[in-house]
Amino acid sequence: MSALQTLAADGLHGSVASIGYGLAAIGPGVGVGIIFGNGTSALARQPEAAGLIRANQIMGFAFCEALALIGIVLPFVYGQ
């Protein structure tokens, strides 16, 4: 039996789920960075539109964080 088959037989799925969440957290992390980076740039260029820009930043942040929360929940839903 190879080492990979031994690891798979011993129940490695818990560790794989945590690795999967780590990979799933990369996307929202990058998205949040882009949102706030571009929002800061937009506020510097057009400070009179601060309310609209901030509202759009918060909405985009909420959508990105929802993706991260889905990434946390899915290993529990589909875990065995």
Thr40 side, atom OG1; Arg45 side, atom CZ - distance, nearest 0.5 Å: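 It comes to 12.0 Å.
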Within this structure, what is the CD1-CE distance for the pair Ile35 and Met59, rounded to the nearest 0.5 Å?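 Answer for the CD1-CE pair, Ile35 versus Met59, is 9.5 Å.
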Running the 4.5 Å side-chain criterion over Ile, Leu, Val, Met, Phe, Trp and Tyr, what cluster does Ile53 land in, apart from itself?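 Reading the cluster by chain and number, Ile53 sits alongside Leu43.
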Are Ile58 and Phe61 linked, directly or through other ILVMFWY residues, by side chains that come within less than 4.5 angstrom of each other?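 Result: no, two separate clusters.
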Phe63 CZ: over 12 foreign heavy atoms closer than 6.0 Å: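 Counting other residues, nucleotides and ligands, CZ of Phe63 stays at 12 neighbours or fewer.
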Only counting residues at least two apart or in another chain, list the ones meeting side chain to side chain contact (heavy atoms under 4.5 Å, CB included) with Leu67.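 Counting only residues at least two positions away or on another chain, Leu67 forms a side chain to side chain contact (heavy atoms under 4.5 Å, CB included) with Pro28.
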Locate the shortest heavy-atom distance separating Ala44 from Pro47; write the atom from each residue and the value.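 Shortest heavy-atom separation between Ala44 and Pro47 comes out as O-CD, 4.2 Å.
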